[in-house]
Amino acid sequence: MPADLLAARRAGRDARIERWRNIASAGSSSTLLAWSGDRLVGFSSTSTGRDDDVGLPPLELMALYVRATTYGTGVGPALLDAAIGASDAYLWVLDGNARAIAFYERQGFRFDGVTKPEDVGLERRMVRRSAETRATSV
């Protein structure tokens with residue numbers, strides 16, 4: 001993400017925390033938190049997909065973030081597994097976010113060619129289909 005966008009997000013930290021509290025308490029999504037002692041080190045959020053494209057999995061991974069200090073420790077894969085297991089799912093990733101893209105590709109997600117412009121930049125959709133779903137769709 002551009003440095004100015006990250007700075008703006010840091011400046012609006014309290015508002016973002018409140019927004020996530022509201023999301024979690026609304027019950028429209030499933031949010032999981034990863035803790036190390038009393039420190040939050042990551043979270044994921046899933047929900048019924050917001051996109052209505054025919055054939056798209058019904059489950060959307062709306063967010064998965066871990067602190068940089070926990071990269072490589074298994075927190076990300078553990079959160080993803082707890083959030084979606086082996087289910088078919090899709091997500092949106094910021095174009096150019098090489099670290100996230102590589103992570104999702106290792107987890108079986110692939111780009112489906114759909115993009116959308118957002119205030120943070122171009123987002124690209126990735127979809128993961130289980131081996132069982134791929135076998136039945138052939």
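What's counted below: heavy atoms across the whole structure, side chains too, no hydrogens, waters or symmetry copies.
Relative orientation of the Y104 and F109 rings is perpendicular, given thresholds of 30° and 60° on the angle between their planes.
When side chains are defined from C-beta on, I84 counts as touching L59, because their heavy atoms get closer than 4.5 Å. Residues R99 and Y71 have side chains in contact (heavy-atom distance under 4.5 Å, counting atoms from C-beta outward). In this structure, the side chains of Y90 and D112 stay at 4.5 Å or more apart for every pair of heavy atoms. Counting heavy atoms from C-beta on, the side chains of V127 and L56 come closer than 4.5 Å. Here the side chains of L79 and Y65 are not in contact, with every heavy-atom distance at 4.5 Å or above.
Summarising the geometry of M62 relative to S47, their closest heavy-atom pair is SD-CB, 3.2 Å, with the distance given to 0.1 Å. Nearest heavy atoms, P117 versus L122: N-CD1, 4.0 Å. The heavy-atom pair separating S44 from A83 by the smallest distance is OG-CB, 3.5 Å. The two residues S36 and V41 make their nearest non-hydrogen contact at CB-CG1, 3.7 Å. When all heavy atoms are compared, the tightest approach of T31 to S45 is OG1-OG, 3.6 Å.
Tracing side-chain contacts under 4.5 Å through hydrophobic residues (I, L, V, M, F, W, Y), one never reaches F43 starting from L80; they form parts of separate clusters. Tracing side-chain contacts under 4.5 Å through hydrophobic residues (I, L, V, M, F, W, Y), one reaches V93 starting from L64; they form part of the same cluster. Hydrophobic cluster membership differs between V66 and W92, with clusters built from Ile, Leu, Val, Met, Phe, Trp and Tyr side chains linked at under 4.5 angstrom.
Scored by the side chain to side chain contact (heavy atoms under 4.5 Å, CB included) test, E105 finds I101, R110, F111, M126 as partners (sequence neighbours excluded).
Summarising the geometry, atom CZ belonging to R128 is positioned 9.5 Å from atom CG belonging to L91; distances are rounded to the nearest 0.5 Å. Note that the CZ atom of R124 and the CG atom of N97 stand 11.5 Å from one another [nearest 0.5 Å].
Residue pairs meeting the salt bridge (Lys or Arg N to Asp or Glu O under 4.0 Å) criterion with at least one partner in residues 42-53, sequence neighbours excluded, are R50-E60, D53-R125. Identified under the salt bridge (Lys or Arg N to Asp or Glu O under 4.0 Å) test for residues 39-48, with sequence neighbours left out: none.
With hydrogens and angles ignored, the 3.5 Å screen pairs no side-chain donor or acceptor of R129 with any backbone N or O of G108.
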